Amino acid sequence: MPELPEVESAVRRLRDAIINKRIVRVDVLHPALRRRLSPARLRSVRGMRVTHVERRGKHQLIGLDDGRTLHAHFRMTGDWLIDRATDPLPRFARAAITLDDGVRAVLNDPRALSTLDLHAANAAPDLGLGPEPDDPALTPDSLLEVLSRKRAPIKPVLLDQRVIAGLGNIYAAESLWHARISPSTRASSLTRAQVKRLLTAIRRVIARATGARYTDPSVSRLAVYDRAGKPCRRCGTPIERIVQAGRSTYFCPGCQE
DNA sequence: ATAGGCCTGGAC
DNA sequence: GTCCAGGCCTAT
């Protein structure tokens with residue numbers, strides 16, 4: 001599910017479900033969660049009240065009233081499903097947090113790659129993130145400056161969360177298509193005009209996806225992602241799929257320079 | 001920069 | 001069966 005827009009949607013639903021409530025029960029339902037913390041430690045959030053729920057990039061930070069922070073990351077296929085403690089658990093439930101009013105937030109994740117971490121009070125985690133796409137401090141010039149030091153192709157650079165927080169494989173490709181920039185262009189060789197178009201495109205793509213109703217990044221409204229062989233919506237040239245840094249990249253060889 | 005690993009399901 | 005997957009870390 002989850003790039004910035006989908007995580008933002010999930011955070012909003014989670015916030016509505018748990019803010020200012022007390023956690024009365026925590027269920028750890030998949031052994032892979034142990035990779036980050038023991039079930040006993042995760043269960044130690046029982047009894048805490050939720051003070052805030054925030055998103056940073058693709059990370060989710062859940063503030064507890066003892067000062068600790070529960071830190072969730074969906075990786076590839078995670079999502080929050082909000083239901084009631086009396087409901088049957090969803091098929092891919094990996095953890096469940098029950099609140100004092102009977103509402104339950106279920107971490108549902110078919111691939112079980114999601115992570116939950118717990119940070120001590122007064123220990124704000126360093127997430128290693130660059131600016132959010134809508135950060136006013138992010139400007140064509142600041143982005144140009146960062147990209148000028150990157151020798152890799154622009155597409156994998158856009159996946160580097162230290163450059164811009166929250167972009168993932170789909171919206172990086174979509175943004176490059178909108179900006180008419182080839183994903184193979186060396187980041188440091190982008191012109192200022194191209195960087196300006198790219199930033200505008202990123203903001204448009206993210207804003208539009210964030211406003212969309214959460215289902216999946218509904219394939220039909222995507223310009224290039226997963227459209228290999230299909231005609232470019234702008235120039236008709238068949239969309240190509242290549243692999244960069246181990247990830248699929250979709251682009252139009254006809255109108256992306 | 002690339003490959004492999006984490007996990008599992010779905011499409012073919 | 002095989003391949004692919006919206007993320008990200010570690011090792012080579």
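Just so it is clear, the model here is predicted, and its values are computed rather than measured. Convention: sequence-line order gives letters A, B, ...; per-chain numbering from 1. Basis for what follows: all heavy atoms, side chains included, without hydrogens, waters or symmetry-related copies.
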What is the distance from [atom1] of [X] to [atom2] of [N], rounded to the nearest Å?
{"X": "Leu107(A)", "N": "dC7(B)", "atom1": "CG", "atom2": "C1'", "answer": "13 Å"}
{"X": "Ile154(A)", "N": "dA1(B)", "atom1": "CD1", "atom2": "P", "answer": "13 Å"}
{"X": "Asp226(A)", "N": "dG10(B)", "atom1": "CG", "atom2": "P", "answer": "17 Å"}
{"X": "Lys150(A)", "N": "dA1(B)", "atom1": "NZ", "atom2": "C1'", "answer": "14 Å"}
{"X": "His59(A)", "N": "dC9(C)", "atom1": "NE2", "atom2": "C1'", "answer": "12 Å"}
{"X": "Met76(A)", "N": "dC8(C)", "atom1": "CE", "atom2": "C1'", "answer": "9 Å"}
{"X": "Asn108(A)", "N": "dC7(B)", "atom1": "CG", "atom2": "C1'", "answer": "14 Å"}
{"X": "Asp126(A)", "N": "dC9(C)", "atom1": "CG", "atom2": "C1'", "answer": "15 Å"}

[X] vs [N]: side-chain N/O to OP1/OP2 distance below 4.0 Å:
{"X": "Tyr171(A)", "N": "dG6(C)", "value": "no"}
{"X": "Gln161(A)", "N": "dC8(C)", "value": "yes"}
{"X": "Arg247(A)", "N": "dG6(C)", "value": "yes"}
{"X": "Arg75(A)", "N": "dT8(B)", "value": "no"}
{"X": "His30(A)", "N": "dT8(B)", "value": "yes"}
{"X": "Lys58(A)", "N": "dG7(C)", "value": "yes"}

Next item on the list: Please name the residue in the list Arg22(A), Arg84(A), Lys21(A) that meets the side-chain hydrogen bond (donor to acceptor under 3.5 Å, both in side chains) test with Asp101(A).
Entry: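 Only one of Arg22(A), Arg84(A), Lys21(A) forms a side-chain hydrogen bond (donor to acceptor under 3.5 Å, both in side chains) with Asp101(A), namely Lys21(A).
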Check: Ion pair present between Asp79(A) and Arg13(A), side-chain N to carboxylate O less than 4.0 angstrom?
Finding: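 Counted as a salt bridge, because a side-chain N and a carboxylate O are separated by less than 4.0 Å.
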Item checked: Asp27(A) with Arg25(A): basic N within carboxylate O range, under 4.0 Å ->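 Salt bridge present between Asp27(A) and Arg25(A).
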Between [options], which one does the side chain of [X] approach most closely?
{"X": "Ile170(A)", "options": "dA1(B), dG6(C), dG9(B)", "answer": "dG6(C)"}
{"X": "Leu113(A)", "options": "dC8(C), dG6(C), dC6(B)", "answer": "dC6(B)"}
{"X": "Arg94(A)", "options": "dA1(B), dG7(C), dT8(B)", "answer": "dT8(B)"}
{"X": "Glu6(A)", "options": "dA1(B), dG6(C), dA5(C)", "answer": "dG6(C)"}
{"X": "Arg111(A)", "options": "dC8(C), dG6(C), dC7(B)", "answer": "dC7(B)"}
{"X": "His73(A)", "options": "dA5(C), dG9(B), dG7(C)", "answer": "dG7(C)"}
{"X": "Arg241(A)", "options": "dG9(B), dC8(C), dC4(C)", "answer": "dC4(C)"}
{"X": "Arg91(A)", "options": "dG6(C), dC6(B), dG10(B)", "answer": "dG10(B)"}

Tell me whether [X] contacts the main-chain N or O of [Y] through its side chain, where contact means a donor paired with an acceptor under 3.5 Å.
{"X": "Glu174(A)", "Y": "Ala223(A)", "answer": "yes"}
{"X": "Gln256(A)", "Y": "Pro253(A)", "answer": "no"}
{"X": "Arg55(A)", "Y": "Val11(A)", "answer": "no"}
{"X": "Arg227(A)", "Y": "Phe251(A)", "answer": "no"}

Note to self: Mind checking if Ser248(A) touches a base, just sugar-phosphate, or nothing, with heavy atoms under 4.0 Å?
What the structure shows: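 It contacts sugar-phosphate atoms only.
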Next item on the list: Mind checking Gly246(A) for me? I need base, sugar-phosphate or nothing, with any heavy atom below 4.0 Å counting as a touch.
Entry: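 No contact.
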Check: Mind checking who dG6(C) pairs with, Watson-Crick or G-U wobble, both distances under 3.5 Å?
Finding: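 Partner of dG6(C): none.
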Notebook entry, point to check: So what's dC7(B) paired with, Watson-Crick or G-U wobble, going by both distances under 3.5 Å?
Noted result: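 Paired with no nucleotide.
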Same-atom distance ([atom1]) from [N] to [M], integer angstrom:
{"N": "dC3(C)", "M": "dC7(B)", "atom1": "P", "value": "22 Å"}
{"N": "dC4(C)", "M": "dA3(B)", "atom1": "P", "value": "13 Å"}
{"N": "dG6(C)", "M": "dA1(B)", "atom1": "C1'", "value": "22 Å"}
{"N": "dG5(B)", "M": "dA5(C)", "atom1": "C1'", "value": "15 Å"}

